[in-house]
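Notes follow once the structure below has been shown.
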Protein chains: 2
Amino acid sequence: MFSKACEYGIKASIFIALNSYKNVRVSLKSIAKEINSPEAFTAKILQDLVRHHVINSMKGAYGGFEIEKELISTVKLSHIVNAIDGDAIYSGCGLGLHTCDENHPCPVHHKFKSVREELKSMLENTNLEELALNIKSGASFLKV
Amino acid sequence: MFSKACEYGIKASIFIALNSYKNVRVSLKSIAKEINSPEAFTAKILQDLVRHHVINSMKGAYGGFEIEKELISTVKLSHIVNAIDGDAIYSGCGLGLHTCDENHPCPVHHKFKSVREELKSMLENTNLEELALNIKSGASFLKV
DNA sequence: TCAAAATAGGATAAAATTATCCGAATTAAA
DNA sequence: TTTAATTCGGATAATTTTATCCTATTTTGA
Ligand code: FES
Ligand code: FES
C-alpha cells in the first residue's frame, strides 16, 4: 500500500512525537533502532520530512529530530504520506490511467473511489498525537 | 496501490472477457494495443494468469487468450490481484510489520483495518462480467 | 579553540520492478 | 507437409526503489 520509505517515515514521526512530549530530541541512530529501519535510508526520509516541515532537526552535538509539542496534534498522517509518496494514492487512478476522471472512468473507478476516499479521510483525520499516545500506553507497537 | 503488472492484468482480463462473450480469442498483440501496455511485459503477466487458471491460452495460429463464457461472472478482481500481487494488500500490515496481528498491532492497525477490509470486500465482490459490460456499454474505458 | 557528536548531502550499490529480445514449441490453415 | 501465426520461456536490460558509504557542516561542551 505504502512505500517502505513512507512506512519508515510514519513510524519515525510517531517516535519523534512521543519523545518531543518529553522534550527529548532523538537521534537518527535511536530512531532507526526503535523502528527497526536501515539508518542511512531513514536519514534520507527524515531529511525529506524536515524539508516538508513535518519535523524539525538540529545539527551538532545534542542535536536530533523533534516536533514542536503544540504541533503534534496538527500533524496528520496525510501530511507524512503526501511528503514522501505524493498524492497518487489519494487521487490517482486505480488502474493507472493518466488521470482519474469522472467523465472518462476506468472499469473500477466507481468501486475503487469509495475505498480511496475512505483511505484519504482516514489519513486526513488521524494525527500524530493519538498514535503516539497508543504507543505510550502500550496499545500499539512500532516494531516486531 | 496496485503494481503496474496488476493493473495490466486487470485490464487485460476485462478485455479478454469482453471478447470471450463474442467467442473471439484475442492475441497478445491486440490486448497490449487495447490496454496500452508493453507487449512483452504483458505476455509475462498473461502467462502468470494462465498458470493461476484465471484465463486460458491457446498456442499457434488462431490462438490467443480467452475465458470460458460461463466462468466470466465467477472471476473476481481478488483472483487477479492475488495471482499477481499476492495477498499483502489484504492481509499485510499497513506499516510493514512482519504480520498484522490483532494482539500486537502497529500504530495504524485499527484505523487501517477497515480500509483494508473495504478494499478486500470490493475486490472479492467485483467480477469480470460487470466490468466487461461497462466497457461494452461505453460507461468505462481501458485506456487514455 | 578544539574535539566530539550530530545532521546534511552527494555518490554509489543492491534489489525489486518494469520492460525488451529472441528462439523454441505449438497450432491450424493452405 | 509446409508455412504463418501464435504463446512460452529464458536471458538480459532499463528503471525505480531501497540501502549504504563517506565527507562536509554544524553545534555544544570541555
Ligand atoms: S479513472 Fe480509474 S479510479 Fe478513477
Ligand atoms: S498490525 Fe499494522 S495493520 Fe495490523
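Chain naming here is simple, since letters A, B, ... match the order of the sequence lines and numbering starts at 1 in each. Here the structure is a predicted model, which means the values were calculated and not measured. Side chains are part of it too, since the values below use all heavy atoms of this structure and drop only hydrogens, waters and symmetry mates.
Looking at A/S3 and A/D85, their side chains do bring a donor and an acceptor atom within 3.5 Å of each other. Side chain to side chain, A/N23 and A/K69 meet the donor-acceptor criterion of an N or O pair below 3.5 Å. Using modelled atom types and a 3.5 Å distance limit, the side chains of B/Y90 and B/E117 yield no donor-acceptor pair.
Atom CG of B/L28 and atom P of C/dT27 are 18 Å apart (whole Å). The NZ-P distance, from B/K11 to C/dT18, rounds to 13 Å in whole Å. One atom, CZ of B/F41, and another, C1' of C/dC21, lie 15 Å apart when rounded to the nearest Å. As a whole-Å value, the separation of A/N56 CG from C/dA8 C1' is 15 Å. To the nearest angstrom, P of C/dA6 lies 15 Å from CG of A/L46. Separating the CG atom of A/L49 from the P atom of C/dG9 is a distance of 14 Å, rounded to the nearest angstrom. With rounding to whole Å, B/E7 atom CD is found 15 Å from C/dA19 atom C1'. The CZ-P distance, from B/R25 to C/dA29, rounds to 10 Å in whole Å.
A donor-acceptor distance shorter than 3.5 angstrom exists from the side chain of A/H104 to the backbone of B/K143, with no hydrogens or angles considered. Panel note: side chain B/R25, backbone B/S20; no donor-acceptor pair is recorded below 3.5 Å. Using modelled atom types, no side-chain atom of B/N19 and backbone atom of B/K22 make a donor-acceptor pair closer than 3.5 Å. With hydrogens and angles disregarded, no donor-acceptor distance shorter than 3.5 Å links the side chain of A/H79 to the backbone of A/V75. Judged by distance alone, the side chain of A/S30 and the main-chain N or O of A/S27 form a donor-acceptor pair under 3.5 Å.
At a threshold of 4.0 angstrom between heavy atoms, the contacts of B/K29 with the nucleic acid are absent. Looking at heavy-atom distances under 4.0 Å, B/R51 makes contact with sugar-phosphate atoms alone, never a base.
Where A/F2 and B/V50 each meet DNA chain D at their nearest nucleotide, the meeting point lying more 5' is that of B/V50. Each of A/A43 and A/A61 was assigned the nucleotide of DNA chain C with the nearest heavy atom; the assignment lying further toward the 5' end belongs to A/A61.
Surrounding NZ of A/K120 are at most 12 heavy atoms belonging to other residues, nucleotides or ligands under 6.0 Å away.
Ion pairing between a basic and an acidic side chain is recognised when a charged N comes within 4.0 Å of a carboxylate O; A/E124 and A/K76 show no such pairing.
Of the candidates C/dA4, C/dA8, C/dA19, C/dA19 carries the atom nearest the B/K4 side chain, counting heavy atoms from C-beta on.
Mapping heavy-atom proximity under 4.0 Å, the span of DNA chain D touched by chain A runs 5' to 3' from D/dT18 to D/dG29.
A sub-4.0 Å separation between OP1 or OP2 of C/dA5 and a side-chain N or O of A/S27 is absent. Residue B/Y8 places no side-chain N or O under 4.0 Å from the OP1 or OP2 atom of C/dT18.
Less than 4.0 Å separates DNA chain C from at least one heavy atom of each of the following residues of residues 62-70 of chain A: A/G64, A/F65.
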